[in-house]
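These notes concern the structure reproduced below.
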Amino acid sequence: MDLPIQNLAVVGAGAMGSGIAALFASRGINVVLIDPVAGALERASAVIERQVGVYAPDAIQETLRRIRMEAGLEAACGSDLVIEAVPEKLELKRDIFARLDTLCPAHTIFATNTSGLSINAIAEAVTRRDRFVGTHFFTPADVIPLVEVVRCDQTTEATVTRVMDFLRLGGKKPVLVRQDIPGFIANRIQHALAREAISLLEKGVASAEDIDEVVKWSLGIRLALTGPLAQRDMNGIDVHYAIASYLYQDLENRTTPSDLLREKAESGQIGAKAGQGFYTWPAEDRDRVLREKSAALAELVAWLGDKKLS
Ligand SMILES: NC(=O)c1ccc[n+]([C@@H]2O[C@H](COP(=O)([O-])OP(=O)(O)OC[C@H]3O[C@@H](n4cnc5c(N)ncnc54)[C@H](O)[C@@H]3O)[C@@H](O)[C@H]2O)c1
């Protein structure tokens, strides 16, 4: 019988990898954080220190001590679980898993944090497809509770159970996605919402600030307590049906990114990390805003933990 997962390797020490490492190390798990790119591990240390300072300020040094930082993939060979969090490129992920497959013992489970690439397509790179799964965390990975667990065609029940148990140990709320569908559940819904929001901005219906204000203080505040389906029950499916019958035909339904989105991406206006996106992000404010947002999210998560509305 497989023992519980005790040693974790995280490959890719960027925004997601450092958050995942921080979370599990702060809960007593030994973590190896692997990244070969110059400067990446130093940046990760700073992010981990900032993040753990938000929810476990007394445990910063202990957490950092539990994280071994390494440049080479060989460091993953003593792990029961490897979570990959490298850039969203299919060939890069497949190449890393193919190498891990030769380095790691047979019992090691492989998980990819892809945002929405096919789990089956990534798993093709390995022979242990029964021990391969998607674990889609949300940013900040150490604060947002949900993780989508996505099986590939060969993932066994035992693998799903072990990974979900491990995620619960880290205080996560894992949900099983039964089909390997692009974008899984959350990114399909997030992109449907963002496509409409960007379209409204492009049409000049309102400013970015006002579109965000509408969502935050109406739908957003409700969604913190009630998912979209339970919310439809509360509003009345008859009302929803009547509105859907005339509104769907007018909603944004383009199948390629809009001109505004493409222009932002191509001109480097890619958001907070570049100082400019839909908003301007002065460098001197950026870290403080991200830190305050993480702290507020951690408080909100703790408060919501006591509510039982959905
Ligand atoms: N940022 C998000 O909101 C978010 C949310 C959920 C899932 N994801 C997914 O998580 C993954 C990582 O995203 P991120 O935002 O952390 O990206 P990131 O760019 O912040 O980090 C990627 C890290 O991978 C490292 N890397 C590059 N090549 C590598 C290699 N060959 N071996 C090991 N490490 C390598 C880079 O140095 C970098 O530190 C992507 O698949 C992304 O789609 C991102």
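The structure displayed is predicted, hence computed values, not measured ones. For ligands, and for the atoms within them, numbers begin at 1 and follow the listed sequence. Side chains included, hydrogens not; waters and symmetry mates left out as well; all remaining heavy atoms used.
- In plain terms, the two heavy atoms of Ser294 and Val143 that are nearest each other are O-CG1, 4.1 Å.
- In this comparison of Val10, Ile83, Ile96, the heavy atom closest to atom 31 (N) of ligand 1 sits on Ile96.
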Below 3.5 Å, can you tabulate the donor-acceptor pairs from side chains in residues 255-262 to any protein atom, sequence neighbours excluded?
residue : atom : partner : partner atom : Å
Ser258  : OG   : Glu202  : OE1          : 3.1
Ser258  : OG   : Leu261  : N            : 3.4
Asp259  : OD1  : Arg262  : NH2          : 3.1

Show your reasoning for whether side-chain contact (heavy atoms from CB on, under 4.5 Å) applies to Asn187 and Gln190. CA-CA 5 Å; Asn187 265 332; Gln190 176 162 252; 2.9 Å; yes

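- For ligand 1, the polar-atom distance check finds no N/O of His136 at less than 3.5 Å from any of the ligand's N/O atoms.
- Atoms of ligand 1 found under 4.0 Å from any heavy atom of Lys93 (numbered from 1 in listed order, with element): 40 (C), 41 (O).
- Atom 6 (C) of ligand 1 has Phe137 O, 3.0 Å as its closest protein atom, hydrogens excluded (heavy atom only).
- Within the 4.0 Å heavy-atom cutoff, Leu92 counts among the residues contacting ligand 1.
- At the shortest separation from atom 14 (P) of ligand 1 among protein heavy atoms lies Met16 CG, 3.8 Å.
- Val239 is listed as a side-chain neighbour of Ile243, based on a closest heavy-atom distance under 4.5 Å.
- When the side chain to side chain donor-acceptor pair (under 3.5 Å) test is applied to Asp165, the partners found at least two apart in sequence or on another chain are Arg168.
- Atom 33 (C) of ligand 1 has its closest protein heavy atom at Pro36 CD, 3.1 Å.
- Within the 4.0 Å cut-off (strictly below), no protein heavy atom is located near atom 17 (O) of ligand 1.
- The closest protein non-hydrogen atom to atom 19 (O) of ligand 1 is Pro87 CG, 4.6 Å.
- Listed by atom number, the atoms of ligand 1 under 4.0 Å from Val37 heavy atoms are 27 (C), 37 (O).
- Classification of the His136-Phe138 ring pair by plane angle, with boundaries at 30° and 60°, yields tilted.
- Ligand 1 has no nitrogen or oxygen under 3.5 angstrom from a nitrogen or oxygen of Thr139.
- In the model, Asp130 has no side-chain atom that pairs as donor or acceptor with a side-chain atom of Thr156 under 3.5 Å.
- Between the Ser26 side chain and the Thr63 main chain, no donor and acceptor come within less than 3.5 Å of each other.
- Atom 25 (C) of ligand 1 has its nearest heavy-atom neighbour, among Ile34, Ile20, Asp35, Val86, in Asp35.
- Among protein heavy atoms, atom 10 (O) of ligand 1 sits closest to Asn113 ND2, 2.9 Å.
- Annotation for ligand 1: atoms under 4.0 Å from non-hydrogen atoms of Val11 are 33 (C).
- Ranking the protein heavy atoms by distance from atom 21 (O) of ligand 1 puts Gly14 CA, 3.2 Å first.
- Of the polar atoms of Phe138, none of the N or O atoms is found under 3.5 Å from an N or O of ligand 1, judged by distance alone.
- Contact between Glu84 and ligand 1 is absent, with no heavy atom of the residue lying under 4.0 Å from the ligand.
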Full working for side-chain contact (heavy atoms from CB on, under 4.5 Å) between Thr112 and Phe97: CA-CA 9 Å; Thr112 172; Phe97 278 118; 3.9 Å; yes

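- Considering backbone and side-chain atoms together, Thr114 places no N or O closer than 3.5 Å to any N or O of ligand 1.
- In terms of protein heavy atoms, atom 20 (O) of ligand 1 is closest to Ala15 N, 3.0 Å.
- Both Val177 and Phe110 are members of a single hydrophobic cluster when ILVMFWY side chains are connected at heavy-atom separations under 4.5 Å.
- One N or O on the side chain of Ser18 and one on the backbone of Gly14 form a donor-acceptor pair closer than 3.5 Å.
- Other residues, nucleotides and ligands contribute only 12 or fewer heavy atoms inside 6.0 Å of the CD atom of Gln179.
- The Ala85 neighbourhood of ligand 1 comprises atoms 11 (C), 12 (C), 22 (C), 23 (C), 24 (O), with distances under 4.0 Å to a heavy atom of that residue.
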Run Thr114 and Phe184 through side-chain contact (heavy atoms from CB on, under 4.5 Å) and show every step you take. CA-CA 10 Å; Thr114 176; Phe184 317 134; 4.0 Å; yes

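- Taking every non-hydrogen atom of Glu88 and a distance limit under 4.0 Å, the qualifying atoms of ligand 1 come out as 40 (C), 41 (O), 42 (C), 43 (O).
- Scanning the protein heavy atoms around atom 43 (O) of ligand 1, the nearest turns out to be Ser115 OG, 2.6 Å.
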